[in-house]
Amino acid sequence: MPKKIADIKYEFEHAAMKDWNQLFERYREDGRSGVAKLISTYQKKQKAYENECRRLEVMQEFERKYGKDFSCICGIDEAGRGPLAGPVVAGAVVLPRDCKILYLNDSKKLSAKRREELFDEIKEKAVSYGIGMSSPERIDQINILQATYEAMTHAVQDLQVVPDLLLNDAVTIPQLPIKQLGIIKGDGRSVSIAAASIMAKVTRDRLMTEFAQMYPEYGFEGHKGYGSSAHIEALKKYGPCPIHRRTFIKNFVR
């Protein structure tokens, strides 16, 4: 009597991916459509995993290249340069050599659920990570670019290790005595910068969700402080709250 399809599915679910090929061969001649569909499903999963591994291999280009000369490479990125409200937050992450974290990518390309999952995995696997931020008041005092540099500097200072190379997303942080490499669209080209972008984004989104409870009329939980139509309407109706950036909202309130 042929094995039940549910039992074959159980075998796939509980086998290591490296053993799936043996299962493909074992059940390839089974004529049942349910088995063929099961094999096709797991072949697609295997293919997707292989493609993801190749993508991550490409994203480790800078870490491999500069890892020969630098012992501690740190990725830097920020979240929140554009919103009308809330802080700008920077992340700094040092990953182990050849660290594999599946689906690591530019935080903007990931779902909120995936970012949350990766946030926990990065915290667990990183050699060290740091978070820095600049408040809305500070942004108004020194402008958003300088405030971003300041948040990035704080993130580096928050690390438990001292990096000897910073991989930055397109910028060079002034007055920071560490060698830096600015990479255009670096959050999609470097695993270290991608990890930093996720740490910054999740940290900031969580903060904005907390602010939403303090100032519920603005709907921060939805737009995270960005200039959505609903946010602008609320701003015109209620005026600014303490976390609004005054230099960013001049066109909306008097």
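Worth knowing before you read on, the calculation uses all heavy atoms, side chains too, and leaves out hydrogens, waters and symmetry mates. Here, residue 1 is the first one in the sequence, and each next residue gets the next number.
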Please table the atom pairs, donor to acceptor, closer than 3.5 Å between any side-chain atom in residues 118-126 and protein atoms at least two apart or in another chain.
{"residue": "Glu121", "atom": "OE2", "partner": "Lys125", "partner atom": "NZ", "Å": "2.7"}
{"residue": "Lys125", "atom": "NZ", "partner": "Lys100", "partner atom": "O", "Å": "3.3"}

Problem - Donor-acceptor pair, side chain of Asn143 and main chain of Leu145, under 3.5 angstrom - result: yes
Handout entry: Glu11/Lys3 salt bridge by N-O under 4.0 Å criterion
Key = yes
Completion exercise
Arg189 meets the salt bridge (charged side-chain N to carboxylate O under 4.0 Å, His left out) criterion, sequence neighbours left out, with none
Exercise for the section: Answer yes or no: does atom CD of Glu29 have more than 12 heavy-atom neighbours from other residues, nucleotides or ligands under 6.0 Å? Expected result: no
Handout entry: Separation between CD1 of Ile144 and CD of Glu150, rounded to the nearest 0.5 Å
Key = 11.0 Å
Handout entry: Ring centers of His244, Phe252 separated by less than 6.0 Å
Key = no
Exercise for the section: Determine, for Arg206 against Glu210, whether the closest basic-nitrogen to carboxylate-oxygen distance falls under 4.0 angstrom. Expected result: no
Handout entry: Salt-bridge present (Lys185, Asp106; N to O < 4.0 Å)
Key = no
Practice task
Look only at the side chain of Asp158 and the backbone of Ile131, and say whether a donor-acceptor pair between them is shorter than 3.5 Å.
Solution key: yes
Problem - hydrophobic_cluster_shared for Leu167 and Val171, side chain cutoff 4.5 Å - result: no
Completion exercise
d(Phe24 CZ, Ser40 OG) to nearest 0.5 Å is 9.0 Å
Practice task
Report yes if some heavy atom in the side chain of Leu207 is under 4.5 Å from a heavy atom in the side chain of Met133; otherwise report no.
Solution key: yes
Problem - Salt bridge present between Glu25 and Arg28 (N-O < 4.0 angstrom) - result: yes
Exercise for the section: Decide whether Tyr103 and Val202 are clustered together by the hydrophobic rule: side chain heavy atoms of Ile, Leu, Val, Met, Phe, Trp, Tyr closer than 4.5 Å, transitively. Expected result: yes
Problem - Arg54 bridged to Glu57 by N-O distance under 4.0 Å - result: no
Handout entry: Any donor-acceptor pair under 3.5 Å from Trp20 side chain to Phe12 backbone
Key = yes
Practice task
Answer yes when Arg97 and Glu63 have at least one side-chain N-carboxylate O distance shorter than 4.0 Å, and no when they do not.
Solution key: no
Problem - Test of ring centre spacing under 6.0 Å for His223 and Tyr218 - result: no
Problem - Ring-face cation of Lys224 near Tyr226 (centre distance under 6.0 Å, axis angle within 45°) - result: no
Enumerate donor-acceptor pairs with a distance under 3.5 Å from any side-chain N or O in residues 68-86 to protein atoms, sequence neighbours excluded.
{"residue": "Ser71", "atom": "OG", "partner": "Asp164", "partner atom": "OD2", "Å": "3.2"}

Practice task
Please tell me if the side chains of Phe62 and Leu181 come closer than 4.5 Å, counting only heavy atoms from C-beta onward.
Solution key: yes
Practice task
Please check if the side chain of Arg115 supplies one atom and the backbone of Ile198 the other of a donor-acceptor pair under 3.5 Å.
Solution key: no
